[in-house]
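Note that the structure is a prediction, hence the values are computed from the model and not measured. Ligands are counted one by one from 1 in listed order, and the atoms in each one are counted from 1 as well. Numbering of residues begins at 1 and proceeds along the displayed sequence.
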Amino acid sequence: MTIAVGERLPDVEVQVPGPSGPRRVRTTELLGTGKVVLFGVPGAFTPTCSDYHLPGFVLRAEDLRAKGVDTIACMAVNDAFVMAAWGQAREVGDSVVLVADGSAELTRALGLELDLAGGGLGLRCQRFAMILEDGVVRDLAVESGTGLDVSTADSVLAKL
Ligand code: BEZ
């Protein structure tokens, strides 16, 4: 069952890239306080995710912060080493926290699985964007396929 507006972000362990390697962190610690925008992508380095979805949030990071967003985070079912390399390739810097959901625990807990086994990508997460306030979902937009329409940075900005 997909998480709904009004529900609390599940508390699971994820990893974030750090200066000395991956760091394990609970989602509540990472994303559970303040106003948070969490968006999910089917894969690091995949074309739409890499050329449009992530760069849109990097470009709009200051605008989102001006609207009171404390943390912008991007999750994918990829390991923290891949997420680190992706962040460097896309020059993310400190604008977006990259969240590695390598074993899809967070994806499953959110009910946002996407089966891309037929395309050789295995289990991934759907493309989505959510607004959280102190760990509670205030808005959720999930794409119907792998395309990008309702979960862009501009769409999120318009809701803040
Ligand atoms: C893309 O980001 O373009 C993409 C994501 C998953 C599968 C295929 C393409």
Rounded at 0.5 Å granularity, tell me how far CG in Leu54 sits from CG in Leu98. 6.5 Å
Where does ligand 1 get N/O contacts under 3.5 Å from the protein, atom by atom?
unit_1   : atom_1 : unit_2 : atom_2 : d
ligand 1 : 2 (O)  : Thr46  : OG1    : 2.9
ligand 1 : 2 (O)  : Thr48  : N      : 3.0
ligand 1 : 2 (O)  : Cys49  : N      : 3.1
ligand 1 : 2 (O)  : Arg127 : NH2    : 3.2
ligand 1 : 3 (O)  : Thr48  : N      : 2.8
ligand 1 : 3 (O)  : Thr48  : OG1    : 2.9

Supply the atom-to-atom distance Thr71 OG1 to Leu132 CG, rounded to the nearest 0.5 angstrom. 10.0 Å
Tell me if a side-chain donor or acceptor on Asp70 pairs with a main-chain N or O of Gly34 at a distance below 3.5 Å. no
Should the ring pair Trp86 and Phe45 be called parallel, tilted or perpendicular, given that the plane angle runs from 0 to 90° and is split at 30 and 60? tilted
Pair Arg90 + Asp51: basic N to acidic O under 4.0 Å: yes
Has Lys67 got more than 12 heavy atoms of other residues, nucleotides or ligands less than 6.0 Å from its NZ? no
